[in-house]
S.K.: 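This structure is in structure tokens; I'll ask about it shortly.
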Amino acid sequence: MAETYRNSLDIKIGTKAVPNMLNNNDNRTFAHELGHSGGLDHTMDVENLMTQKFIIQKEDGDYLKATLLNRSLIQTIRDNYIHNKLNRHIPNWIQRLKKRQ
């Protein structure tokens, strides 16, 4: 559905996810990927924004309500910004895109 490397400025959203976002049926995917661009990794907390969809569903959680972003995660993004750690790109993303076409 979507892909971002940690600390990357490149966020890719799949064609299956975009209509859900545009129709307000997915308030989470882009925010989750933006968290990765800010330097956040996945978590295992079913209420956390950074937990993967399949983990939440496996635990019978509500994917769209898993939007918690605690103070320490926000501070991580802030610190990465302050220390200029956010200006990266997905490795070989142009080559990978060409292979898909």
Side-chain angles (χ1 to χ4, degrees):
M1 280 184 55
E3 177 181 28
T4 305
Y5 284 83
R6 198 169 49 134
N7 298 350
S8 173
L9 296 178
D10 305 311
I11 297 175
K12 294 193 266 180
I13 304 294
T15 56
K16 292 181 182 179
V18 171
N20 287 332
M21 290 179 198
L22 294 175
N23 293 325
N24 292 322
N25 294 326
D26 182 348
N27 62 343
R28 189 178 185 278
T29 298
F30 189 76
H32 174 93
E33 298 306 323
L34 196 57
H36 286 311
S37 73
L40 302 181
D41 287 321
H42 288 133
T43 65
M44 298 299 286
D45 176 2
V46 297
E47 295 179 358
N48 194 292
L49 176 66
M50 296 311 298
T51 303
Q52 292 173 295
K53 183 177 184 176
F54 78 93
I55 299 290
I56 295 167
Q57 291 172 333
K58 181 178 156 186
E59 299 295 324
D60 293 325
D62 185 342
Y63 173 71
L64 295 176
K65 290 184 180 177
T67 57
L68 176 69
L69 202 58
N70 64 34
R71 183 178 177 89
S72 67
L73 294 176
I74 294 169
Q75 190 167 8
T76 297
I77 295 171
R78 177 188 156 275
D79 291 347
N80 285 334
Y81 177 78
I82 288 171
H83 298 293
N84 199 27
K85 294 182 180 179
L86 302 182
N87 192 15
R88 293 197 207 163
H89 295 282
I90 296 173
N92 304 317
W93 72 274
I94 293 175
Q95 293 83 356
R96 292 168 62 193
L97 183 61
K98 287 180 182 177
K99 286 181 184 178
R100 291 181 185 174
Q101 294 176 346

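Bear in mind that the values here come from a model prediction, so they are computed numbers and not experimental data.
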S.K.: Mind listing the closest non-hydrogen atom pair of Met21 and Phe30 along with its distance?
M.R.: CE-N, 3.8 Å
S.K.: Atom OG1 in Thr51, atom NZ in Lys58: separation rounded to 0.5 Å?
M.R.: 12.5 Å
S.K.: Verify the cluster assignment for Val18 and Leu34: are they in a single hydrophobic cluster under the rule of side-chain heavy atoms below 4.5 Å apart?
M.R.: yes
S.K.: Between Val46 and Ile56, what is the shortest heavy-atom contact and its length?
M.R.: O-CG1, 3.9 Å
S.K.: Heavy atoms only: give me the nearest Glu33-Ile11 pair and the separation to one decimal.
M.R.: CB-CG2, 3.7 Å
S.K.: For a quick test of reading the model, state the closest non-hydrogen atom pair linking Asn80 to Gly38 and the distance between them.
M.R.: ND2-O, 2.8 Å
S.K.: Can you tell me how far NZ of Lys85 sits from CG of Asp79, rounded to the nearest 0.5 angstrom?
M.R.: 8.0 Å
S.K.: Which word best sums up how the rings of His42 and His36 line up, parallel for under 30°, tilted for 30 to 60°, or perpendicular for over 60°?
M.R.: perpendicular
S.K.: Report the distance from atom CG of Leu64 to atom CG of Asn27, rounding to the nearest 0.5 Å.
M.R.: 5.5 Å
S.K.: Just wondering, are more than 12 heavy atoms of other shown residues or ligands nearer than 6.0 Å to CD in Glu47?
M.R.: no
S.K.: For a 4.5 angstrom cut-off between non-hydrogen side-chain atoms, does Leu73 reach Asn48?
M.R.: yes
S.K.: I'd like to know if the side chain of Asn23 and the backbone of Asn25 have a donor-acceptor N/O pair within less than 3.5 Å.
M.R.: no
S.K.: Where the side chain of Arg28 meets the backbone of Lys65, is there a donor-acceptor pair that is under 3.5 Å apart?
M.R.: no
S.K.: Any chance you could measure Ile55, atom CD1, to Met44, atom CE, to the nearest 0.5 Å?
M.R.: 4.0 Å
S.K.: Roughly how far, to the nearest 0.5 Å, is the CG atom of Leu49 from the CD1 atom of Ile74?
M.R.: 10.0 Å
S.K.: Does a side-chain heavy-atom distance below 4.5 Å link Leu40 with Leu69?
M.R.: yes
